S.K.: 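Dropping the structure in here first, questions after.
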Amino acid sequence: MLYNSTMNPLLNPIFLHACAASIQFLFLILILISWVWNRFKIDRTLVPKQSIGCLFYKQTLFCCLVLSLFNLVLCFLNSFYWYRNGWTDEKIVTLLHAVLGSLVWLVVSIYLHTIVVNLSTESRKYPTVIRVWWVFFFTVSCYSLVVDYVYYKRIHDSIPMLFVSDSVSSIMGLFLCFVGLSHKTEEVSQNHNLEQPLLNSSVSRGDAESTYENASFFSLLTFSWMSSVIAKGNKKALDLEDVPQLASIDSVRRVYPVLLNKVESLSNGENQITSFALTKALLYIVWKEVVITGLLALVSSLCSFVGPYLIEEFVQYLNGQRDYKNQGFVLVAAFLVSKIIACFTQRHWYFKLQQAGIRAWTAIVAMIYQKGLTISGQSKQGNSSGEIINFMAVDAQRIGDYAWYMHDFWLVFVQVGVALWLLYKNLGLAFIASLIATIIVLLANLPLGHIQEKLQDDLMKSKDKRMKSTSEILRNMRILKLQGWEMKFLSKIIKLRDEEEGALKKYMYTLSMTSFIFWGAPIVVAVATFATCLFVGIPLESGKVLSALATFKILQEPIYNLPDSISVFFQTKVSLGRIATYLRLNDIDPCAVNKVTRGSSEVAVEIINGNFSWDSNASSNHTLKDINVRVNHGMRVAICGTVGSGKSSLLSCILGEVAKISGSVKVEGSKAYVAQSPWIQSGKIEDNILFGREMDRERYEKVLEACSLKKDLEILSFGDQTVIGERGINLSGGQKQRIQIARALYQDADVYLFDDPFSAVDAHTGSHIFNECMLKFLDSKTVIYITHQVEFLPAADLILVLRDGRITQAGKYNDILNSGSDFMDLVSAHKEALSAIDAIGTTDQEQTDASKKNTINGQNGKPDDSSVSKAQLVQEEEREKGRVGFSVYWKYITTAYGGALAPLILLVVILFQTLQIGSNYWMAWASPVSANDPAPVSGSTLIIVYVALAAGCAICVLARGLLIATTAYKAATILFHQMHLAIFRSPMSFFDSTPSGRILNRASTDQSAVDLQIPYQVASFVFAIIQLLGIIVVMSQCAWQVIIIFIPVAGMCIWLQQYYLPSAREMARLVGVCKGPVIQNFAETISGSVTIRSFDQQARFQDTNLKLNDDFARPKFHAAAAMEWLGIRLDMLSSFTFAVFLIFLISIPEGTIDPSIAGLAATYGLTLNTLQGWVVWTLTNLENKIISVERIFQYSSIPSEPPLVIESNRPNDQWPSQGEVDIHHLQVRYAPHMPLVLRGLTCTFNGGKKTGIVGRTGSGKSTLIQTLFRLVEPSAGQILIDGINISTIGLHDLRSRLSIIPQDPTMFEGTIRSNLDPLEEYTDDQIWEALDKCQLGDEVRSKEGKLDSPVTENGENWSVGQRQLVCLGRVLLKKTKVLVLDEATASVDTATDGMIQQTLGKHFTDSTVIMIAHRITSVLDSDMVLVLEQGLIDEYDSPTKLLEDKSSSFAKLVAEYISESCQNEPFSSNMGVDDKFSKFYILHSVDQL
């Protein structure tokens, strides 16, 4: 019978559900018909793919799927419940209702997905048939629920299935009703959103792009605002533009000013910020998140104890003890509600913490960057750019990551307190033993914390030293390769890494011991507690034991995390201290220069009684002394003097860069500055010239013309849109200098400061720039310029002559010419250089037609280069896309010891889990269920066996920790060596096209991840998987039927994870890719801070930095949210699984299973959602972190240069004996996609002769030298030295037999000795001899350290001229048969240039000298001159013969040079260039005769 005949059928639940089942069947048929009809009716070609417009579409679809799954589970549970007792009509109806319900809701889900997606844009309603069904379903469910309650209350039956089913259906039906009836509101909202931009066009696009900021409460609660990003990531590889903008509250543009104001208020306006004040300021910008997460953490922690609190009651219930009706379902509901609350609070707790961490990170990075813009030169000497980058890359990151651990300290006390109360409730006074054991464990943290702090400090210091050295080496890799020193400097990095590895090894093994103590801590507490119970006589019942074990398991996490929390706390404390120390460094004194607006007086620049010093602490030895200068508007002022006299320092004091000891400096109007060493930003040439100003095309074209840049831009494939490599690496020295000058000219400043702008350009270009820029373009401007070229001095209104930091002479050219010796010495040296032309004029006048143009050795025209595809030298950073291949994991695992330790680690982890489950199983089985039941074993046996199993667990933990530390250390060491060897052996083209920020990012951030994070992530994932399998085994052993639930839930979990992973993976990669530009921009800013300040562009550069920071924070923020999006869904599924498992336990007949074992299974089930989430979290985190390994492998496989040594083809020790260089049909390009730079050169440099190479800037002079040293390999042709093809021998054999004085003088941090002899091949006497020859002996002897005198980073404490002399000293020590000078005297005065030429002439008489020079006088005494023009040989002959033909290019260059040099001669104003040249030539010829 379906119901009692005396009862009203409308009040009989069985009858109602039979009716509902019938209606469901009819609806199923109806919806299938509707579906088929719509499939035929919709023309898919006419309906564009629309974004889902229906209200809460995804949530509705999810709700329907849940109802289908829920009915399926009820179906299975009913089958299990009744399979022993046979079937009745009532049971068949109930089962039929569940089966049909499952089918109906599955069909509804599919119907929604296929029909609603194809709705037209105008229609935002769900189909009518669906909405009618939802209303009917909700009404019937509510009515049935009331009937269930009344019916079962009357007959006191214990069948609860229909009640549970109707309860869930009512809740879900309410939501579906709301969705079905709320479409009109949504339409209004849609229309309002369409109108809003038209009504308010001022709303910025970026504000509307933040899905987080505009999310509803429900969307925020469930992280559904991330769904669109994850869906997009599942269809394509995410790019940065696919990631939504940050909410305004998280943008660094809003956060940084708040932090800055707070820091300034806490430091009372002074520059004395402490680490404590910095901490307070950081807390101020995240205090809301701190408070909210604190409350969430508290609620989550308290909810986690509900399970242990109820487990004893649950065991007694299973044992047959019923305290009230439906007690089992009340317990299940309590378990489930606590789980759900814990799930939501924990997810939002974690997300909010990460949000706060990202906010703090971006703000502190902005502050470090701002400091880099204002730090003084003296302060910068104590902190290299590598160290400052480390503050940003490592220390700031560590502060952001500390957010994770923010609440751990006080939460431990809450959790321990609640745990002790629970233990007291279950075990009475035995809780005192737990308390004592816990206190001992917690106190053990103090010494461990101090040890870890010290080790962490040592690790960071050693990392700083390594990064500092790496940064310097990467900047100067070109000179290292030219000298053949790269392997020596690699060994220096390896030595620094060895120091770091020593600290790393100690740290990792200390961490292993810490893990051992704290994994063992819960076991120790449990043993102490149970042993006390035994001795005191407190009965151990299985329910109480399981409650205690569950409590210990929860307590394990905070106690286990405590050492990490302490370690991270001290790491963060160290990092805060380091950053605070850096922020306390002295800034440039803003009051050093009195800046006034233009028009207040006639004076543009004025220094009165000025004394200046680079070292503000120096009491006597000032850099500049008694400086008095007055420059009126429109004046041209020239500054000259010998090397090291203080010329550049004088400009620096006008800029306010040098500490002012006394006196006053006034500058009226805006200023522009051109540094001696060009500073070029990565980016387009156009952007470098505009430098933040709007494009004025007319002015721009005039500037290009004045700076002689138009020809260069025509040669470049992309013109002024060409992307320049780091530090202008793909431009010649002259091109970089002229772009610098163009940048200054375009700014239209009032005062222009030029620091020797002509040193890096050839004579013709120098003359052009002087005439067009200085005399014409800047005719009405105030110009102060330093120059070593005397020919540019007569045009100055005022000449300042410096010597030893004092102005010794001042006045016009003719006035000071005879008034003192200093200026006369400079002019005399210049005239001596010019007299070299005399000798040329009186020798070898027989041949007059020797000039050869464009026909040398069959060189005809230029090769066809049209087939070369155009591409920029610097490309976007390459990133892998898609899933991280298994090969990456396998390569990493097998890196250390071939993977031999991996099986051992796996075995130890499995053994640990087995012993841990065994110990808990033992305690559950060996304890009586109640006080009345007999104990299976004696108390002593119970404890002894438990202690033995617990000791085995502890040993496994120790073994695991030591094995992981050993493997991790070895793998990190091998990967470091592989990557750095590949980088140092990579060709120069790699460094040309790769900004150093990318390499530094891998050497710091990625290497840190490999050192300390990835090995533990791999271990955590393996451990989590094994623990999860252990729980499933325990639960299944209790009730095997639960596997039927596990399988679909596990399938859904895997599907969710696979759906989520593509987005998470790409966002993690974007985080890595977006961090590079932040570091790169920072490194560039530090090196160009003087230029940036001189143009008053600090605000623009900070704005760029803020944008880059937000670009980095966007994928990081959304990756954190995506993690919680997945976590909350997995937690819901695991909570649902656990609830079904509990329902099954309370539904099976009493006595079917052992209550103790069922209780044990429930105890393990309490951690199911945490563990399931942990598995996916560790897997996802591992995928995110393993990208660091992927990136290191990427740089470990860079194509290498040819071998350093080819054993089968080594030249003999005397090679080259003659030094003859033969070049045959040489063609060179910098990259396969770039045009030819040298286009078929053929010539011979005779052995023992001096050959000068001249040509316009960009003609290929430096490229020829690079090809000689094989920094660039020929595309075609060959170079022979003494008959040996240089391409057939090893690079080290080639470069060690050649010497070079490079264009950019380079010194490394260290000492004078290490700079002259880095390979340690020479004695001190030989080094002193070389110093004396290059005129530096007296300077070095005057220093306290002599040969061990310090050299700061980049040789900043030595002038550019002195650095060039050190380079001369290097070649004097090496003394090879072939010497190359690449514009080696560009940075020194004429007298020093003459000295260098004499020194080289004296000591390299029998060597082949190849000289590139901009000063024509430097090549006049050459045996041969090679003139290059656009990569082709224009002329190649002796200078005498070339000068005899006045139409030759070389003769024209000399004529231009003489024209400039002789403009103060009596005949200069009345003669043409040719007349001047003839007159000059004749006069000196007569003198010689």
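Here the structure is a predicted model, which is why all the values come from computation and not from measurement.
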S.K.: Mind running salt bridge (charged side-chain N to carboxylate O under 4.0 Å, His left out) on Lys236 and Asp242 for me, showing each step along the way?
M.R.: CA-CA 10 Å; Lys236 64 180 281 277; Asp242 298 319; 2.4 Å; yes
S.K.: Taking the side chain as C-beta and beyond, is there a heavy-atom pair between Cys1074 and Leu240 under 4.5 Å?
M.R.: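 Answer yes - side chains close enough.
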S.K.: Grab the two heavy atoms, one from Glu289 and one from Ala356, that are nearest each other, plus how far apart they are.
M.R.: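 Residues Glu289 and Ala356, closest heavy atoms: CB-CB, 3.9 Å.
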S.K.: By the salt bridge (charged side-chain N to carboxylate O under 4.0 Å, His left out) test, which pairs, at least two apart or in different chains, include something from residues 1020-1029?
M.R.: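 Not a single pair qualifies under salt bridge (charged side-chain N to carboxylate O under 4.0 Å, His left out).
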S.K.: Measuring from atom CZ of Arg347 to atom NZ of Lys352, what distance do you get when rounded to the nearest 0.5 angstrom?
M.R.: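 Output value for this atom pair is 16.0 Å.
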S.K.: For Ala1121, enumerate each residue passing the side-chain contact (heavy atoms from CB on, under 4.5 Å) test, keeping only those at least two apart in sequence or located in another chain.
M.R.: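 So Ala1121 forms a side-chain contact (heavy atoms from CB on, under 4.5 Å) with Trp225, Met226, Phe351.
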S.K.: Tell me yes or no: between the side chains of Gln346 and Tyr350, is some donor less than 3.5 Å from an acceptor?
M.R.: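 Their side chains do contain a donor-acceptor pair, which is all the 3.5 Å distance test asks for.
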S.K.: Taking the side chain as C-beta and beyond, is there a heavy-atom pair between Ser1063 and Leu238 under 4.5 Å?
M.R.: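 A side-chain contact exists here, since the closest heavy-atom pair is under 4.5 Å.
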S.K.: Is any side-chain heavy atom of Asp250 less than 4.5 Å from a side-chain heavy atom of Val255?
M.R.: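 No, every pair of side-chain atoms sits at 4.5 Å or beyond.
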S.K.: For Val1073 and Arg1191, work out which heavy atoms get closest and say how close.
M.R.: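 Of all heavy-atom pairs spanning Val1073 and Arg1191, the closest is N-NH1, 4.1 Å.
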S.K.: Ignoring hydrogens and geometry beyond distance, is a side-chain donor-acceptor pair present between Asn1109 and Thr362 at under 3.5 Å?
M.R.: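 Thr362 and Asn1109 do not have a side-chain donor-acceptor pair below 3.5 Å.
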S.K.: Nearest heavy-atom pair of His1118 and Thr211: which atoms, and what distance?
M.R.: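 For His1118 and Thr211, the tightest heavy-atom pair comes out as NE2-OG1, 4.4 Å.
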S.K.: Taking ring-ring contact (aromatic ring centres under 6.0 Å, His included) as the definition, give me every residue that meets it alongside Tyr1060, ordered by chain and number, with sequence neighbours left out.
M.R.: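 So Tyr1060 forms no ring-ring contact (aromatic ring centres under 6.0 Å, His included) with any residue.
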S.K.: Got a salt bridge between Lys1107 and Asp1111, using NZ or NE/NH1/NH2 to carboxylate O under 4.0 Å?
M.R.: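 Counted as a salt bridge, because a side-chain N and a carboxylate O are separated by less than 4.0 Å.
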S.K.: Measure across Ala247 and Tyr212 and return the closest heavy-atom pair with its distance rounded to 0.1 Å.
M.R.: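 Reported closest heavy-atom pair: CB-CD2, 3.8 Å.
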S.K.: Before we go on, tell me: are the rings of Phe1193 and Tyr892 under 6.0 Å apart, centre to centre?
M.R.: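 Distance test on ring centres: not under 6.0 Å, no.
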S.K.: Can you list everything that forms a side-chain contact (heavy atoms from CB on, under 4.5 Å) with Thr1005? Sequence neighbours excluded, please.
M.R.: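 Expected list: Ala393, Asn1001, Lys1075.
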S.K.: Please enumerate all residues that pass side-chain contact (heavy atoms from CB on, under 4.5 Å) together with Ile893, with sequence neighbours excluded.
M.R.: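 Ile893 satisfies side-chain contact (heavy atoms from CB on, under 4.5 Å) with Ala902 once adjacent residues are dropped.
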S.K.: Looking at Val1189 and Val1010, what are the two nearest heavy atoms and their distance?
M.R.: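 Smallest heavy-atom distance, with atoms named: CG2-CG2, 3.9 Å.
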S.K.: Ala1024: which residues meet the side-chain contact (heavy atoms from CB on, under 4.5 Å) condition with it, sequence neighbours left out?
M.R.: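 If we apply the side-chain contact (heavy atoms from CB on, under 4.5 Å) test to Ala1024, skipping adjacent residues, the hits are Trp1174, Val1175, Thr1178.
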S.K.: Measuring only between side-chain heavy atoms, which start at C-beta, is Asn234 closer than 4.5 Å to Ile230?
M.R.: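 A side-chain contact is absent here, since even the closest heavy-atom pair is not under 4.5 Å.
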S.K.: Taking the side chain as C-beta and beyond, is there a heavy-atom pair between Ile249 and Arg359 under 4.5 Å?
M.R.: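 Sidechains of Arg359 and Ile249: in contact.
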S.K.: Find the distance between CZ (Arg1065) and CG (Leu1070) and round it off to the nearest 0.5 Å.
M.R.: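 Atom-to-atom, Arg1065:CZ and Leu1070:CG are 12.5 Å apart.
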S.K.: Can you confirm whether or not the ring centre of His348 sits under 6.0 Å from the ring centre of Phe223?
M.R.: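 Yes; Phe223 has its ring centre under 6.0 Å from that of His348.
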